[in-house]
Undergrad: 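Have a look at the structure that comes next, please.
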2 protein chains.
Amino acid sequence: MDTPWLDRRQLRAWIRLRAVLELLPGALDAQLRRDSDITEFEYFVLAVLSEAPERTLRMTELAARTNATLPRLSHVVTRMERRELVERFPCPEDRRATNARLARTGWDTLRRAAPGHVATVRHNVIDTLTDEQVDQLADIGDALLARLDPAGTMSAIYTRHDRPDGEEPDPGRGSADGA
Amino acid sequence: MDTPWLDRRQLRAWIRLRAVLELLPGALDAQLRRDSDITEFEYFVLAVLSEAPERTLRMTELAARTNATLPRLSHVVTRMERRELVERFPCPEDRRATNARLARTGWDTLRRAAPGHVATVRHNVIDTLTDEQVDQLADIGDALLARLDPAGTMSAIYTRHDRPDGEEPDPGRGSADGA
DNA sequence: CAGAATCGGTTGTCGCGACAACCATCATAA
DNA sequence: TTATGATGGTTGTCGCGACAACCGATTCTG
(Lines give C-alpha, C1' and ligand atoms only; values in the text may rest on other atoms or scores of the structure.)
Protein backbone atom coordinates (compact mmCIF):
# COMPACT_ATOMS: atom_id res chain seq x y z
CA MET A 1 0.00 0.00 0.00
CA ASP A 2 2.85 2.41 -0.58
CA THR A 3 0.99 4.43 -3.14
CA PRO A 4 2.86 7.52 -4.20
CA TRP A 5 1.27 10.85 -3.48
CA LEU A 6 -0.21 12.87 -6.28
CA ASP A 7 2.19 15.26 -7.91
CA ARG A 8 1.20 18.80 -8.67
CA ARG A 9 -0.14 18.17 -12.14
CA GLN A 10 -2.13 15.16 -11.10
CA LEU A 11 -3.49 17.05 -8.18
CA ARG A 12 -4.51 19.93 -10.41
CA ALA A 13 -6.55 17.55 -12.54
CA TRP A 14 -8.04 15.74 -9.58
CA ILE A 15 -9.12 18.83 -7.73
CA ARG A 16 -10.88 20.16 -10.78
CA LEU A 17 -12.54 16.87 -11.50
CA ARG A 18 -13.70 16.66 -7.94
CA ALA A 19 -15.17 20.12 -8.08
CA VAL A 20 -17.02 19.26 -11.27
CA LEU A 21 -18.31 16.08 -9.68
CA GLU A 22 -19.64 18.18 -6.85
CA LEU A 23 -21.18 21.01 -8.83
CA LEU A 24 -22.40 19.74 -12.17
CA PRO A 25 -25.05 17.26 -11.03
CA GLY A 26 -26.67 19.90 -8.91
CA ALA A 27 -26.79 22.33 -11.79
CA LEU A 28 -28.44 19.83 -14.09
CA ASP A 29 -30.86 18.69 -11.46
CA ALA A 30 -31.89 22.18 -10.52
CA GLN A 31 -32.83 23.11 -14.06
CA LEU A 32 -34.95 20.02 -14.60
CA ARG A 33 -36.69 20.32 -11.28
CA ARG A 34 -37.44 23.95 -11.89
CA ASP A 35 -38.59 23.71 -15.49
CA SER A 36 -40.08 20.23 -15.71
CA ASP A 37 -40.54 19.09 -12.16
CA ILE A 38 -38.50 15.94 -12.61
CA THR A 39 -35.16 14.76 -11.35
CA GLU A 40 -32.21 14.34 -13.63
CA PHE A 41 -32.41 10.68 -12.75
CA GLU A 42 -36.08 10.53 -13.65
CA TYR A 43 -35.29 12.26 -16.89
CA PHE A 44 -32.70 9.62 -17.57
CA VAL A 45 -35.14 6.84 -16.80
CA LEU A 46 -37.63 8.34 -19.23
CA ALA A 47 -34.90 8.73 -21.83
CA VAL A 48 -33.70 5.17 -21.49
CA LEU A 49 -37.21 3.80 -21.68
CA SER A 50 -37.97 5.88 -24.72
CA GLU A 51 -35.06 4.24 -26.50
CA ALA A 52 -36.12 0.71 -25.69
CA PRO A 53 -38.20 -1.43 -28.03
CA GLU A 54 -41.85 -1.01 -27.14
CA ARG A 55 -40.59 1.67 -24.78
CA THR A 56 -40.52 -1.16 -22.31
CA LEU A 57 -37.77 -2.65 -20.18
CA ARG A 58 -37.56 -5.08 -17.35
CA MET A 59 -36.78 -3.53 -14.02
CA THR A 60 -33.45 -5.28 -13.75
CA GLU A 61 -32.39 -4.14 -17.17
CA LEU A 62 -33.57 -0.63 -16.55
CA ALA A 63 -31.69 -0.57 -13.29
CA ALA A 64 -28.51 -1.68 -14.98
CA ARG A 65 -28.77 0.90 -17.72
CA THR A 66 -29.41 3.72 -15.31
CA ASN A 67 -26.90 2.47 -12.78
CA ALA A 68 -29.49 2.27 -10.08
CA THR A 69 -29.82 -0.43 -7.50
CA LEU A 70 -33.03 -2.37 -7.81
CA PRO A 71 -34.49 -0.98 -4.59
CA ARG A 72 -33.77 2.53 -5.68
CA LEU A 73 -35.29 2.00 -9.07
CA SER A 74 -38.31 0.37 -7.54
CA HIS A 75 -38.90 3.40 -5.35
CA VAL A 76 -38.38 5.81 -8.18
CA VAL A 77 -40.70 3.94 -10.48
CA THR A 78 -43.33 3.79 -7.78
CA ARG A 79 -43.30 7.56 -7.57
CA MET A 80 -43.21 7.96 -11.33
CA GLU A 81 -46.09 5.55 -11.66
CA ARG A 82 -48.10 7.70 -9.31
CA ARG A 83 -47.62 10.59 -11.68
CA GLU A 84 -48.40 8.34 -14.62
CA LEU A 85 -45.04 8.86 -16.21
CA VAL A 86 -44.51 5.11 -16.47
CA GLU A 87 -46.55 1.96 -16.07
CA ARG A 88 -45.61 -1.31 -14.48
CA PHE A 89 -46.98 -4.68 -15.51
CA PRO A 90 -45.91 -8.26 -14.88
CA CYS A 91 -43.70 -9.89 -17.45
CA PRO A 92 -45.51 -12.70 -19.28
CA GLU A 93 -42.47 -14.91 -19.88
CA ASP A 94 -41.09 -14.76 -16.38
CA ARG A 95 -43.63 -14.28 -13.68
CA ARG A 96 -41.06 -13.06 -11.24
CA ALA A 97 -40.19 -10.15 -13.46
CA THR A 98 -41.82 -6.77 -13.87
CA ASN A 99 -41.82 -4.61 -16.95
CA ALA A 100 -41.73 -0.86 -16.91
CA ARG A 101 -43.21 0.94 -19.85
CA LEU A 102 -43.06 4.60 -20.75
CA ALA A 103 -46.53 6.05 -20.44
CA ARG A 104 -48.01 8.72 -22.61
CA THR A 105 -47.56 11.42 -20.02
CA GLY A 106 -43.98 10.35 -19.56
CA TRP A 107 -43.28 10.66 -23.24
CA ASP A 108 -44.81 14.12 -23.33
CA THR A 109 -42.91 15.18 -20.26
CA LEU A 110 -39.70 13.96 -21.78
CA ARG A 111 -40.31 15.78 -25.01
CA ARG A 112 -41.09 18.99 -23.25
CA ALA A 113 -38.13 18.68 -20.94
CA ALA A 114 -35.54 17.78 -23.53
CA PRO A 115 -34.81 21.15 -25.14
CA GLY A 116 -34.19 22.89 -21.85
CA HIS A 117 -32.06 20.05 -20.64
CA VAL A 118 -29.97 20.03 -23.76
CA ALA A 119 -29.54 23.75 -23.49
CA THR A 120 -28.31 23.33 -19.94
CA VAL A 121 -25.86 20.64 -20.95
CA ARG A 122 -24.63 22.86 -23.73
CA HIS A 123 -24.34 25.86 -21.52
CA ASN A 124 -22.48 24.12 -18.74
CA VAL A 125 -20.42 21.65 -20.66
CA ILE A 126 -20.27 21.44 -24.41
CA ASP A 127 -20.16 25.09 -25.27
CA THR A 128 -17.44 25.83 -22.78
CA LEU A 129 -15.11 23.41 -24.53
CA THR A 130 -13.33 23.49 -27.85
CA ASP A 131 -14.16 20.77 -30.34
CA GLU A 132 -10.84 19.23 -29.57
CA GLN A 133 -11.56 19.19 -25.86
CA VAL A 134 -14.90 17.56 -26.47
CA ASP A 135 -13.12 14.66 -28.10
CA GLN A 136 -10.49 14.55 -25.41
CA LEU A 137 -13.22 14.44 -22.80
CA ALA A 138 -14.85 11.51 -24.53
CA ASP A 139 -11.55 9.61 -24.58
CA ILE A 140 -10.88 10.41 -20.96
CA GLY A 141 -14.36 9.24 -20.14
CA ASP A 142 -13.68 5.97 -21.90
CA ALA A 143 -10.54 5.48 -19.89
CA LEU A 144 -12.28 6.14 -16.59
CA LEU A 145 -15.25 3.97 -17.41
CA ALA A 146 -12.99 1.09 -18.23
CA ARG A 147 -12.48 0.90 -14.47
CA LEU A 148 -15.77 2.18 -13.20
CA ASP A 149 -18.03 0.28 -15.53
CA PRO A 150 -16.09 -2.51 -17.17
CA ALA A 151 -19.23 -4.05 -18.54
CA GLY A 152 -20.03 -0.81 -20.26
CA THR A 153 -23.59 -0.91 -19.04
CA MET A 154 -23.87 2.80 -18.66
CA SER A 155 -22.14 4.08 -21.75
CA ALA A 156 -23.10 1.32 -24.12
CA ILE A 157 -26.74 2.23 -24.11
CA TYR A 158 -26.65 4.85 -26.71
CA THR A 159 -23.54 4.01 -28.60
CA ARG A 160 -24.89 0.57 -29.29
CA HIS A 161 -27.38 1.58 -31.85
CA ASP A 162 -25.27 3.82 -33.95
CA ARG A 163 -27.34 6.92 -34.26
CA PRO A 164 -26.81 10.61 -34.33
CA ASP A 165 -29.02 11.07 -31.31
CA GLY A 166 -28.71 9.49 -27.98
CA GLU A 167 -29.27 10.47 -24.42
CA GLU A 168 -31.60 13.02 -25.74
CA PRO A 169 -34.26 10.64 -26.61
CA ASP A 170 -35.21 11.67 -29.98
CA PRO A 171 -38.01 13.99 -29.56
CA GLY A 172 -37.19 16.23 -32.42
CA ARG A 173 -37.26 13.34 -34.76
CA GLY A 174 -40.03 10.92 -35.23
CA SER A 175 -43.55 11.97 -34.61
CA ALA A 176 -42.70 15.13 -32.79
CA ASP A 177 -42.10 18.62 -33.97
CA GLY A 178 -43.51 17.83 -37.35
CA ALA A 179 -39.98 17.79 -38.67
CA MET B 1 -34.67 28.52 -27.12
CA ASP B 2 -33.81 26.87 -30.43
CA THR B 3 -30.77 25.13 -29.07
CA PRO B 4 -29.25 22.73 -31.55
CA TRP B 5 -29.20 19.09 -30.63
CA LEU B 6 -25.95 17.45 -29.68
CA ASP B 7 -24.09 15.94 -32.57
CA ARG B 8 -22.58 12.52 -32.35
CA ARG B 9 -19.22 13.57 -31.03
CA GLN B 10 -20.65 15.87 -28.44
CA LEU B 11 -23.05 13.21 -27.38
CA ARG B 12 -20.26 10.72 -27.03
CA ALA B 13 -18.47 13.04 -24.66
CA TRP B 14 -21.59 13.90 -22.71
CA ILE B 15 -22.73 10.34 -22.21
CA ARG B 16 -19.37 9.36 -20.86
CA LEU B 17 -19.16 12.34 -18.61
CA ARG B 18 -22.61 11.62 -17.31
CA ALA B 19 -21.69 8.04 -16.54
CA VAL B 20 -18.59 9.16 -14.69
CA LEU B 21 -20.66 11.66 -12.73
CA GLU B 22 -22.92 8.83 -11.73
CA LEU B 23 -20.33 6.22 -10.87
CA LEU B 24 -17.22 7.88 -9.55
CA PRO B 25 -18.60 9.54 -6.43
CA GLY B 26 -20.05 6.27 -5.29
CA ALA B 27 -16.78 4.48 -5.78
CA LEU B 28 -14.87 7.02 -3.73
CA ASP B 29 -17.48 7.13 -1.04
CA ALA B 30 -17.68 3.39 -0.70
CA GLN B 31 -13.97 3.00 -0.10
CA LEU B 32 -13.85 5.67 2.57
CA ARG B 33 -16.93 4.41 4.35
CA ARG B 34 -15.61 0.90 4.32
CA ASP B 35 -12.04 1.60 5.36
CA SER B 36 -12.36 4.69 7.51
CA ASP B 37 -16.01 5.03 8.32
CA ILE B 38 -16.29 8.54 6.95
CA THR B 39 -17.99 10.08 3.98
CA GLU B 40 -16.04 11.48 1.09
CA PHE B 41 -17.55 14.80 2.04
CA GLU B 42 -16.41 14.42 5.63
CA TYR B 43 -12.99 13.51 4.40
CA PHE B 44 -12.99 16.67 2.38
CA VAL B 45 -14.06 18.74 5.35
CA LEU B 46 -11.23 17.28 7.37
CA ALA B 47 -8.80 17.90 4.55
CA VAL B 48 -9.85 21.51 4.09
CA LEU B 49 -9.64 22.19 7.80
CA SER B 50 -6.24 20.59 8.01
CA GLU B 51 -4.99 23.05 5.42
CA ALA B 52 -6.34 26.10 7.19
CA PRO B 53 -4.27 28.20 9.58
CA GLU B 54 -4.79 26.93 13.11
CA ARG B 55 -6.74 24.16 11.43
CA THR B 56 -9.66 26.44 12.01
CA LEU B 57 -12.21 27.99 9.71
CA ARG B 58 -15.43 29.84 10.09
CA MET B 59 -18.48 27.88 9.14
CA THR B 60 -19.29 30.16 6.25
CA GLU B 61 -15.81 29.90 4.85
CA LEU B 62 -15.72 26.17 5.31
CA ALA B 63 -19.07 25.88 3.59
CA ALA B 64 -17.83 27.89 0.64
CA ARG B 65 -14.67 25.85 0.27
CA THR B 66 -16.49 22.55 0.41
CA ASN B 67 -19.37 23.76 -1.70
CA ALA B 68 -21.87 22.96 0.97
CA THR B 69 -24.85 25.03 1.93
CA LEU B 70 -24.66 26.33 5.44
CA PRO B 71 -27.47 24.13 6.72
CA ARG B 72 -25.84 21.09 5.26
CA LEU B 73 -22.47 21.92 6.73
CA SER B 74 -24.05 22.64 10.07
CA HIS B 75 -25.63 19.20 10.13
CA VAL B 76 -22.46 17.49 9.03
CA VAL B 77 -20.37 19.29 11.60
CA THR B 78 -22.86 18.42 14.29
CA ARG B 79 -22.39 14.76 13.54
CA MET B 80 -18.65 15.08 13.22
CA GLU B 81 -18.54 16.91 16.50
CA ARG B 82 -20.31 14.01 18.12
CA ARG B 83 -17.51 11.76 16.98
CA GLU B 84 -14.99 14.33 18.10
CA LEU B 85 -13.58 14.79 14.64
CA VAL B 86 -14.01 18.55 14.86
CA GLU B 87 -14.81 21.11 17.51
CA ARG B 88 -17.00 24.16 17.31
CA PHE B 89 -16.51 27.33 19.30
CA PRO B 90 -17.81 30.87 19.01
CA CYS B 91 -15.72 33.33 17.09
CA PRO B 92 -14.25 36.02 19.34
CA GLU B 93 -14.25 38.82 16.77
CA ASP B 94 -17.76 38.33 15.53
CA ARG B 95 -20.13 36.92 18.04
CA ARG B 96 -22.52 35.78 15.36
CA ALA B 97 -19.92 33.54 13.85
CA THR B 98 -18.83 30.04 14.74
CA ASN B 99 -15.44 28.51 14.18
CA ALA B 100 -14.83 24.89 13.33
CA ARG B 101 -11.51 23.43 14.32
CA LEU B 102 -10.00 20.11 13.41
CA ALA B 103 -9.80 18.00 16.53
CA ARG B 104 -7.09 15.55 17.37
CA THR B 105 -9.19 12.55 16.47
CA GLY B 106 -10.08 14.18 13.20
CA TRP B 107 -6.47 14.70 12.32
CA ASP B 108 -5.66 11.11 13.11
CA THR B 109 -8.60 9.87 11.14
CA LEU B 110 -7.57 11.96 8.20
CA ARG B 111 -4.03 10.70 8.31
CA ARG B 112 -5.10 7.12 8.47
CA ALA B 113 -7.65 7.56 5.72
CA ALA B 114 -5.47 9.43 3.29
CA PRO B 115 -3.33 6.65 1.81
CA GLY B 116 -6.27 4.47 0.96
CA HIS B 117 -8.14 7.38 -0.49
CA VAL B 118 -5.23 8.42 -2.64
CA ALA B 119 -4.84 4.87 -3.81
CA THR B 120 -8.48 4.82 -4.80
CA VAL B 121 -8.18 8.08 -6.67
CA ARG B 122 -5.15 6.75 -8.46
CA HIS B 123 -6.76 3.47 -9.26
CA ASN B 124 -9.95 4.95 -10.62
CA VAL B 125 -8.68 8.11 -12.20
CA ILE B 126 -5.06 9.09 -12.44
CA ASP B 127 -3.54 5.76 -13.32
CA THR B 128 -6.05 5.09 -16.06
CA LEU B 129 -4.97 8.22 -17.91
CA THR B 130 -1.85 9.15 -19.78
CA ASP B 131 0.15 12.11 -18.53
CA GLU B 132 -1.15 14.06 -21.43
CA GLN B 133 -4.73 13.22 -20.59
CA VAL B 134 -4.20 14.28 -17.01
CA ASP B 135 -3.28 17.74 -18.23
CA GLN B 136 -6.15 17.78 -20.67
CA LEU B 137 -8.50 16.85 -17.88
CA ALA B 138 -7.24 19.71 -15.78
CA ASP B 139 -7.80 22.16 -18.62
CA ILE B 140 -11.25 20.79 -19.30
CA GLY B 141 -12.01 21.11 -15.63
CA ASP B 142 -10.96 24.72 -15.71
CA ALA B 143 -13.26 25.38 -18.60
CA LEU B 144 -16.23 23.76 -16.90
CA LEU B 145 -15.61 25.44 -13.60
CA ALA B 146 -15.54 28.80 -15.27
CA ARG B 147 -19.29 28.32 -15.58
CA LEU B 148 -20.02 26.22 -12.56
CA ASP B 149 -17.92 28.07 -10.06
CA PRO B 150 -16.98 31.45 -11.47
CA ALA B 151 -15.68 32.62 -8.13
CA GLY B 152 -13.33 29.68 -8.08
CA THR B 153 -14.22 28.89 -4.51
CA MET B 154 -13.89 25.19 -4.97
CA SER B 155 -10.76 24.89 -7.03
CA ALA B 156 -8.87 27.81 -5.62
CA ILE B 157 -8.42 26.24 -2.26
CA TYR B 158 -5.37 24.25 -2.95
CA THR B 159 -3.89 26.02 -5.88
CA ARG B 160 -3.80 29.21 -3.88
CA HIS B 161 -0.99 28.29 -1.62
CA ASP B 162 1.39 26.94 -4.14
CA ARG B 163 2.39 23.63 -2.74
CA PRO B 164 3.12 20.20 -4.02
CA ASP B 165 0.36 18.72 -1.89
CA GLY B 166 -3.23 19.61 -1.84
CA GLU B 167 -6.50 17.85 -1.36
CA GLU B 168 -4.52 15.15 0.22
CA PRO B 169 -3.92 16.95 3.37
CA ASP B 170 -0.34 16.44 3.98
CA PRO B 171 -0.12 13.40 6.04
CA GLY B 172 2.72 11.75 4.30
CA ARG B 173 4.77 14.75 4.94
CA GLY B 174 5.30 16.04 8.35
CA SER B 175 5.15 13.62 11.16
CA ALA B 176 3.53 10.74 9.38
CA ASP B 177 4.90 7.76 7.54
CA GLY B 178 8.30 8.38 8.97
CA ALA B 179 9.43 9.31 5.50
C1' DC C 1 -29.34 55.99 19.22
C1' DA C 2 -33.58 53.89 17.62
C1' DG C 3 -35.18 51.01 13.80
C1' DA C 4 -34.46 48.37 9.60
C1' DA C 5 -32.04 45.46 6.88
C1' DT C 6 -28.47 42.06 6.69
C1' DC C 7 -25.33 38.59 8.14
C1' DG C 8 -24.00 34.05 10.36
C1' DG C 9 -25.82 30.00 11.99
C1' DT C 10 -29.03 26.50 13.71
C1' DT C 11 -33.13 23.71 13.66
C1' DG C 12 -37.24 21.30 11.59
C1' DT C 13 -39.48 18.93 7.89
C1' DC C 14 -39.48 16.47 3.78
C1' DG C 15 -37.85 13.54 -0.09
C1' DC C 16 -34.52 10.50 -1.86
C1' DG C 17 -30.94 6.63 -1.83
C1' DA C 18 -28.51 2.76 0.72
C1' DC C 19 -28.95 -1.41 2.95
C1' DA C 20 -31.21 -5.30 4.85
C1' DA C 21 -35.05 -8.19 5.22
C1' DC C 22 -38.43 -10.35 2.93
C1' DC C 23 -41.60 -12.81 -0.60
C1' DA C 24 -42.50 -15.08 -4.94
C1' DT C 25 -40.85 -17.54 -8.83
C1' DC C 26 -37.75 -20.24 -11.47
C1' DA C 27 -33.87 -23.72 -11.99
C1' DT C 28 -31.46 -27.66 -10.39
C1' DA C 29 -30.68 -32.08 -8.35
C1' DA C 30 -31.61 -36.07 -5.48
C1' DT D 1 -41.43 -35.01 -6.52
C1' DT D 2 -39.52 -32.08 -3.05
C1' DA D 3 -35.62 -29.72 -1.24
C1' DT D 4 -32.09 -26.11 -2.38
C1' DG D 5 -30.40 -22.35 -4.19
C1' DA D 6 -30.53 -18.60 -7.17
C1' DT D 7 -33.16 -14.83 -9.47
C1' DG D 8 -36.42 -10.68 -9.73
C1' DG D 9 -38.72 -7.39 -7.01
C1' DT D 10 -40.77 -4.96 -3.22
C1' DT D 11 -40.95 -2.95 1.34
C1' DG D 12 -39.11 -0.90 5.75
C1' DT D 13 -35.80 1.70 8.24
C1' DC D 14 -32.20 4.86 8.55
C1' DG D 15 -29.07 8.71 7.33
C1' DC D 16 -28.11 12.56 4.57
C1' DG D 17 -29.08 16.94 1.79
C1' DA D 18 -32.41 20.65 0.27
C1' DC D 19 -35.33 24.19 1.61
C1' DA D 20 -37.66 27.19 4.67
C1' DA D 21 -38.29 29.21 9.00
C1' DC D 22 -36.18 31.07 12.64
C1' DC D 23 -32.95 33.66 16.08
C1' DG D 24 -29.12 36.42 17.77
C1' DA D 25 -25.60 39.66 16.41
C1' DT D 26 -24.16 43.40 13.48
C1' DT D 27 -24.26 47.15 10.30
C1' DC D 28 -26.55 50.86 8.16
C1' DT D 29 -29.58 54.86 8.12
C1' DG D 30 -31.78 58.79 9.72
Side-chain angles (χ1 to χ4, degrees), chain A residues 21-34 36-45 56-83 85-101 153, chain B residues 21-34 37-46 56-83 85-101 153:
Chain A
L21 251 38
E22 186 82 38
L23 297 170
L24 188 48
L28 299 173
D29 226 71
Q31 180 270 326
L32 277 172
R33 292 187 112 98
R34 178 165 42 76
S36 304
D37 196 39
I38 53 174
T39 305
E40 209 269 341
F41 182 74
E42 290 172 337
Y43 179 92
F44 195 51
V45 169
T56 301
L57 239 35
R58 277 156 71 149
M59 292 294 283
T60 303
E61 183 61 20
L62 185 55
R65 297 199 190 183
T66 55
N67 185 47
T69 59
L70 216 31
R72 175 183 179 190
L73 182 63
S74 187
H75 281 137
V76 171
V77 169
T78 300
R79 289 171 230 139
M80 294 178 78
E81 206 173 12
R82 238 175 260 142
R83 296 189 284 160
L85 298 175
V86 299
E87 301 158 353
R88 235 181 324 201
F89 62 95
C91 175
E93 295 100 347
D94 186 338
R95 282 168 42 194
R96 296 171 293 182
T98 307
N99 281 325
R101 180 170 45 205
T153 325
Chain B
L21 252 38
E22 187 82 37
L23 297 170
L24 188 48
L28 299 173
D29 226 71
Q31 180 271 326
L32 277 172
R33 292 187 111 98
R34 179 165 42 76
D37 196 39
I38 53 174
T39 305
E40 209 269 340
F41 182 73
E42 290 172 336
Y43 179 91
F44 194 51
V45 169
L46 294 177
T56 301
L57 238 36
R58 279 158 67 152
M59 293 293 283
T60 304
E61 182 61 19
L62 185 55
R65 297 200 190 182
T66 55
N67 184 46
T69 59
L70 216 32
R72 175 184 179 188
L73 182 63
S74 186
H75 281 138
V76 171
V77 168
T78 300
R79 290 171 230 141
M80 294 178 78
E81 206 173 12
R82 238 175 260 142
R83 296 190 283 158
L85 299 175
V86 300
E87 301 157 355
R88 239 184 319 203
F89 61 95
C91 176
E93 295 101 348
D94 187 338
R95 283 167 42 192
R96 294 172 295 182
T98 306
N99 281 325
R101 180 170 44 205
T153 326

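Here the structure is a predicted model, which is why all the values come from computation and not from measurement. Order of the sequence lines sets the chain letters (A, B, ...), proteins ahead of strands, with each chain counted from 1.
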Undergrad: Could you check how far CG of B:Leu70 sits from P of D:dA25, rounded to whole Å?
TA: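 It is 17 Å, rounded to the nearest whole Å.
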
Undergrad: Within the 4.5 Å heavy-atom criterion, are B:Asn99 and B:Leu57 side-chain neighbours or not?
TA: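 When only atoms from C-beta onward are counted, B:Leu57 and B:Asn99 do not touch, as no gap falls below 4.5 Å.
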
Undergrad: Would one find a side-chain N or O of B:Arg79 under 4.0 angstrom from OP1 or OP2 of D:dG17?
TA: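 Looking at the OP1 and OP2 atoms of D:dG17, one of them is under 4.0 Å from a side-chain N or O of B:Arg79.
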
Undergrad: Taking the side chain from A:Thr69 and the backbone from A:Arg72, do they hold a donor-acceptor pair closer than 3.5 Å?
TA: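 Side chain of A:Thr69 to backbone of A:Arg72: a pair is present.
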
Undergrad: Of the options D:dT10, C:dT11, C:dG17, whose atoms approach the side-chain atoms of A:Val76 most closely?
TA: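 Comparing D:dT10, C:dT11, C:dG17 against the side chain of A:Val76, the answer is C:dG17.
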
Undergrad: Provide, to the nearest angstrom, the distance between the CD atom belonging to A:Glu42 and the C1' atom belonging to C:dG17.
TA: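 Rounding to the nearest Å, CD of A:Glu42 and C1' of C:dG17 are 13 Å apart.
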
Undergrad: In whole Å, what is the span from the CZ atom of A:Arg33 to the P atom of D:dC19?
TA: 8 Å

Undergrad: On DNA chain C, check which nucleotide each of A:Thr39 and A:Arg96 is closest to and give me the residue with the more 5' one.
TA: A:Thr39

Undergrad: Using atom CG of B:Leu23 as one end and atom P of C:dG17 as the other, report the distance to the nearest whole Å.
TA: 15 Å

Undergrad: Roughly how many Å is it from CD in B:Glu93 to C1' in C:dG8, rounded to a whole number?
TA: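 The answer, rounded to whole Å, is 14 Å.
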
Undergrad: Could you check whether any side-chain heavy atom of B:Leu28 comes within less than 4.5 Å of a side-chain heavy atom of B:Leu24, counting everything from C-beta outward?
TA: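 Side-chain contact under 4.5 Å: yes.
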
Undergrad: Does A:Arg72 have a side-chain nitrogen or oxygen under 4.0 Å from the phosphate oxygens OP1 or OP2 of D:dT10?
TA: no

Undergrad: Give the rounded distance in Å between these two atoms: CG of A:Leu57 and C1' of D:dG8.
TA: 14 Å

Undergrad: For the pair made of CZ in A:Phe89 and P in D:dT10, what is the distance, rounded to whole Å?
TA: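 Atom-to-atom, A:Phe89 to D:dT10, this comes out as 13 Å.
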
Undergrad: Over all strands shown, is A:Thr98 touching base, sugar-phosphate only, or nothing at heavy-atom distances under 4.0 angstrom?
TA: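 Sugar-phosphate, no base atom in range.
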
Undergrad: Does any N or O in the side chain of B:Ser74 come within less than 3.5 Å of the main-chain N or O of B:Leu70, such that one atom is a donor and the other an acceptor?
TA: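 Between the backbone of B:Leu70 and the side chain of B:Ser74 there is no qualifying donor-acceptor contact (under 3.5 Å).
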
Undergrad: Relative to the 5' end of DNA chain D, which residue comes earlier, A:Thr78 or A:Ala97, by the nucleotide with the nearest heavy atom?
TA: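 Of the two residues, A:Ala97 wins.
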
Undergrad: Quick one: on DNA chain C, does B:His75 or A:Pro71 contact a more 5' nucleotide (nearest heavy atom)?
TA: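 With B:His75 and A:Pro71 compared, the 5'-side residue is B:His75.
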
Undergrad: Can you say whether a donor on the side chain of A:Arg95 sits under 3.5 Å from an acceptor on the base of C:dT25, or the other way round?
TA: no

Undergrad: Apply side chain to side chain contact (heavy atoms under 4.5 Å, CB included) to the pair B:Arg33 and B:Thr39, showing each step before the final yes or no.
TA: CA-CA 6 Å; B:Arg33 292 187 111 98; B:Thr39 305; 4.1 Å; yes

